[in-house]
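Everything below concerns the one structure shown next.
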Amino acid sequence: MTHVIDKPRYIDPANRAGSASLPAKPPFVFRDVTARVFPVKANPARLYGFCKQYLNIVPPQIAQFRPSIPYVYVMVLNYGRMGMQSATAQNLGWVSQHEVLDTVPLTWWRIEHGRVVSKDYAFVSPFIFVDDELSMSTGREVYGWP
């Protein structure tokens with residue numbers, strides 16, 4: 001049985017009916033960015049349960065994810081200055097934000113010709129917290145994050 005998904009691959013607000021073009025266009029410049037990463041030991045059974053409930057919702061011929069290691073990375077980021085690269089756009093200024101997120105290292109598997117095959121490594125960040133309203137709304141409206 002083949003399922004056809006009639007949705008765009010990503011949300012592009014510039015192509016929505018009645019919307020204006022994006023006010024900020026790439027490329028962007030990130031200056032004075034710092035990142036702190038804390039590996040936190042996690043319960044392997046909880047990580048497997050998370051993968052089963054939230055990620056492994058597609059047929060195993062497409063993808064199945066398993067935790068790579070029994071850790072979750074808690075990341076604390078400070079985006080000192082974010083702005084557009086062009087000289088004209090830099091006159092508009094820049095924004096900054098703080099971000100905290102959890103990241104789970106994963107192994108991507110799938111079934112090919114009746115065999116379980118390791119395809120690659122991946123990461124998922126199920127929880128992202130930002131302290132800037134523009135970042136929150138952009139993440140939701142542009143990138144489609146809940």
Side-chain angles (χ1 to χ4, degrees), residues 1-86 89 94-146:
M1 179 179 199
T2 303
H3 296 281
V4 177
I5 299 173
D6 188 25
K7 293 185 178 182
R9 293 183 63 153
Y10 57 89
I11 298 171
D12 185 353
N15 287 334
R16 286 187 182 174
S19 69
S21 63
L22 291 174
K25 296 182 181 179
F28 299 105
V29 176
F30 295 81
R31 292 192 171 94
D32 304 322
V33 176
T34 59
R36 291 169 180 84
V37 181
F38 304 95
V40 178
K41 188 136 176 80
N43 180 329
R46 294 274 183 159
L47 290 177
Y48 276 96
F50 165 77
C51 289
K52 182 179 178 181
Q53 185 175 359
Y54 290 100
L55 302 174
N56 295 335
I57 56 175
V58 297
Q61 293 79 7
I62 295 173
Q64 292 292 286
F65 294 97
R66 298 179 190 162
S68 297
I69 56 175
Y71 284 86
V72 171
Y73 293 112
V74 176
M75 299 184 188
V76 180
L77 295 107
N78 175 9
Y79 295 93
R81 293 180 8 180
M82 301 181 290
M84 293 177 282
Q85 185 173 357
S86 72
W94 48 269
V95 296
S96 65
Q97 78 168 30
H98 296 91
E99 183 174 293
V100 177
L101 60 124
D102 299 322
T103 299
V104 181
L106 304 168
T107 305
W108 169 27
W109 301 81
R110 74 177 181 196
I111 295 178
E112 293 181 357
H113 308 293
R115 295 177 43 187
V116 177
V117 178
S118 174
K119 297 304 289 182
D120 208 344
Y121 294 97
F123 293 92
V124 65
S125 297
F127 305 104
I128 302 173
F129 303 92
V130 296
D131 68 349
D132 181 74
E133 291 178 14
L134 181 61
S135 291
M136 183 185 67
S137 60
T138 300
R140 288 183 175 172
E141 297 298 322
V142 177
Y143 297 112
W145 296 329

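Atom OH of Tyr54 has 12 or fewer heavy atoms from other residues, nucleotides or ligands within 6.0 Å. Remark: Arg46 CZ is loosely packed, at most 12 non-hydrogen atoms of other residues, nucleotides or ligands lying under 6.0 Å away.
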Anything under 3.5 Å between a donor and an acceptor, one on a side chain of residues 35-42, the other on a protein residue two or more places apart or in another chain? List them.
none

Could you give the side-chain donor-acceptor pairs of residues 116-123 under 3.5 Å, partners two or more places apart or in another chain?
from   : atom 1 : to     : atom 2 : distance (Å)
Lys119 : NZ     : Glu112 : OE2    : 3.0

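The two residues Phe50 and Val104 have their closest heavy-atom pair at CE2-CG2, 4.5 Å. When every heavy atom of Asp102 is checked against every heavy atom of Pro126, the shortest pair comes out as O-CD, 3.4 Å. The minimum heavy-atom distance between Leu101 and Ser125, with the atom names listed, is CD1-OG, 3.4 Å. Smallest separation of non-hydrogen atoms from Cys51 and Leu106: SG-CD2, 3.6 Å. In terms of heavy atoms, Met136 sits closest to Val130 at N-CG2, 3.8 Å.
Lys52 meets the side-chain hydrogen bond (donor to acceptor under 3.5 Å, both in side chains) test with no other residue; sequence neighbours excluded. Every residue meeting the side-chain hydrogen bond (donor to acceptor under 3.5 Å, both in side chains) condition with Asp131, not counting sequence neighbours, appears here in chain and number order: His98. Checked against side-chain hydrogen bond (donor to acceptor under 3.5 Å, both in side chains), Ser96 has no partners two or more places apart in sequence or in another chain.
From Tyr48, atom OH reaches atom CG of Asn43 across 11.5 Å, with rounding to the nearest 0.5 Å. Distance check, rounded to the nearest 0.5 Å: CG of Asp32 to OG1 of Thr34 gives 9.0 Å.
Within the structure, every pair that satisfies the side chain to side chain donor-acceptor pair (under 3.5 Å) test and touches residues 58-75, not counting sequence neighbours, is listed here: Ser68-Thr107.
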